[in-house]
Number of protein chains: 2
Amino acid sequence: MPGNGKPGAESIDPERLWLRPTEPRRGRRPSFSREAITAAAVTLADAEGLDAVTMRRVAAEVGAGVMSLYSYAPDKETLLELMVDHVSGELTVTGPPSGDWRADLKTVARLQRANMLRHPWLPVALSTRRVPGPNTLAFLEHVLAVLRPTGLDGAAKLEVFAQITAFVAGHVAHEIAQAAVSRSPDRAAAEGRYLAAVAADGRHPELAEALSAPGRPLAPDATFSRFLNRLIDGLDTD
Amino acid sequence: MPGNGKPGAESIDPERLWLRPTEPRRGRRPSFSREAITAAAVTLADAEGLDAVTMRRVAAEVGAGVMSLYSYAPDKETLLELMVDHVSGELTVTGPPSGDWRADLKTVARLQRANMLRHPWLPVALSTRRVPGPNTLAFLEHVLAVLRPTGLDGAAKLEVFAQITAFVAGHVAHEIAQAAVSRSPDRAAAEGRYLAAVAADGRHPELAEALSAPGRPLAPDATFSRFLNRLIDGLDTD
DNA sequence: TTTATTCTCGTACGTCGTACGAGAATAAAG
DNA sequence: CTTTATTCTCGTACGACGTACGAGAATAAA
């Protein structure tokens, strides 16, 4: 059950999922691989959105029967977990921390943003997933190293990582929605007319003024940088 | 299609949805109301999560036939939009801006967080919705008034509002996930064992240290305040 | 060769969103 | 009071979804 906020949602067992060496040396040999299936699902999501990722579509893409997928992931929810960790593998760290942890942290956030822009479904998928897979853990390991000079305790470092990820996800989700509207002139026009009508009703003077004095259009990259700087420069070591 | 990041997802027409007075004075009188249907859907989502909100469940809750709902909302996506604006009505502003716009902005963010904690599905639902309904617009109007002393131009003010909303949504989504894990001792234990196993593999020294020196447990409210202060105190008027 | 094990996948079930259209209720027109 | 137009109600039906089940195929050990 992806994409909800259910209080008692049941979840993945991380031990069964990630801590399994390849034991079985008997029985029929697998025709596919978890890797290939995950990659196909990611490609599908990139091209057609998360809703296009159905077990049937993924199976067809891999050339497998639908039910064969269940030999590699116990359910669809787990497949999504695999997808998230798969693309986390693209968060390639260039080298060891420079020592300037604020600069390093900004680089980290920029890497995450780039990855989310490459995989627009990622912010949504991330918002309900919790157990980090190996690729996510490798990235986390780097972030913890970056944070070493801060002297923060363990829990605080983990919190900073989660917070930055949440911040970037939220920002990019909004960025993507904006871009989608801009890409469709009809939709942008409809939205503009709607807001103009609201502004004209007299009960929204502030909105009316904001729309009439828009200022220069904002570049997404610059906006991201500005908010990122505010957040990270504000971080303190106490 | 909720909860995805599809590039060309089709969307709501805000003019048809929000700018409709009650015109029709002929034909059969409606047996239900958009308001009642939306409220039922919200109650359902609060109690059982977003996935429990199906057209059949909502109809049953209201006492209507399933297809009758489609007289009040053209599709489920629109119903979600109605739900989001419905709970935005709970963002009750206490009074006019105090003049200390940073303090006011923090109050705004706290209101939003409280609302999202009351409706845990809200962060997820928000991440794909874009057109503000009347309740959202009323709240936005207040935020714009709060931002007046900053002298920012219209686009920048709107950007700040979107950014704060995204920040709070991201934070609360993570907060909710954390709380869900903590509420289940089994899950928390499984996750702990998993992370301990990873930390013990020797390739994650930073993680090992972070877990061994956790520091005092973090209070969610305090953590939120800390990050909120960083973000808002860092806002500047240039 | 037999047996145990592991994977493959066709079939089937229950649930979902919603298209369709027949019927019920209501207001205006005759 | 009819008639007609309009608006809403909702039973039925369709295609797509996730996945339980189990029969058959492939492989390794006995």
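Each chain gets a letter, A, B and so on, in the order its sequence line appears, and its residues count up from 1.
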Quick note, B/Val66 side chain, CB onward, closest among C/dG17, D/dA20, C/dT18 is C/dT18
Under 4.0 Å between a side-chain nitrogen and a carboxylate oxygen: does that hold for A/Asp51 and A/Arg57? no
Rounded to the nearest 0.5 Å, what separates atom CD in A/Glu175 from atom CZ in A/Phe224? 8.0 Å
Give none if C/dG21 has no partner; otherwise give the nucleotide forming a Watson-Crick or G-U wobble pair with it, both distances under 3.5 Å. D/dC10
A/Leu80 CG to D/dC17 P, straight-line distance once rounded to whole Å: 14 Å
Ignoring hydrogens and angles, state whether a donor on the side chain of B/Asp46 or B/Thr43 is under 3.5 Å from an acceptor on the partner side chain. no
Describe the nucleic acid contact of A/Ala59 in one word from base, sugar-phosphate, nothing, applying a heavy-atom distance below 4.0 Å. nothing
Distance in angstrom units between B/Met55 CE and D/dA13 P, rounded: 21 Å
Under 3.5 Å side-chain donor-acceptor pair for B/Ser88 and B/Asp85: no
Looking only at side chains, do B/Thr165 and B/Gln112 share a donor and an acceptor under 3.5 Å apart? yes
Whole angstrom value for the distance that separates P of C/dC16 from NZ of A/Lys76: 15 Å
So what does A/Ser71 hit on the nucleic acid, given a heavy-atom distance under 4.0 Å: a base, only sugar-phosphate, or nothing? base
C/dC16 C1' sits how many Å from B/Glu77 CD, rounded? 15 Å
Nearest-Å distance for atom pair CZ/P, residues B/Arg57 and C/dG17: 12 Å
Rounded to whole angstrom units, what separation is found between the OH atom of B/Tyr72 and the P atom of C/dT18? 18 Å
Out of D/dC8, C/dG17, D/dG18, whichever nucleotide has its closest atom nearest the side chain of A/Tyr70: D/dG18
Indicate yes or no for a side-chain donor-acceptor contact from A/Glu191 to the backbone of A/Val181 under 3.5 Å, with no hydrogens or angles considered. no
Which residues in residues 26-39 of chain B have a heavy atom closer than 4.0 Å to any atom of DNA chain C? B/Arg26, B/Gly27, B/Arg28, B/Arg29
Mapping A/Met67 and B/Pro74 onto DNA chain C by nearest heavy atom, which one lands closer to the 5' end? A/Met67
Provide, to the nearest angstrom, the distance between the CG atom belonging to A/Leu79 and the P atom belonging to D/dC17. 14 Å
For the pair made of CG in B/Asp51 and P in D/dG18, what is the distance, rounded to whole Å? 13 Å
Just by distance, with hydrogens left out, do A/Glu90 and A/His119 show a side-chain donor and acceptor under 3.5 Å apart? yes
Complement of D/dA29, any strand, by Watson-Crick or G-U distances under 3.5 angstrom: C/dT2
So what's C/dG30 paired with, Watson-Crick or G-U wobble, going by both distances under 3.5 Å? D/dC1
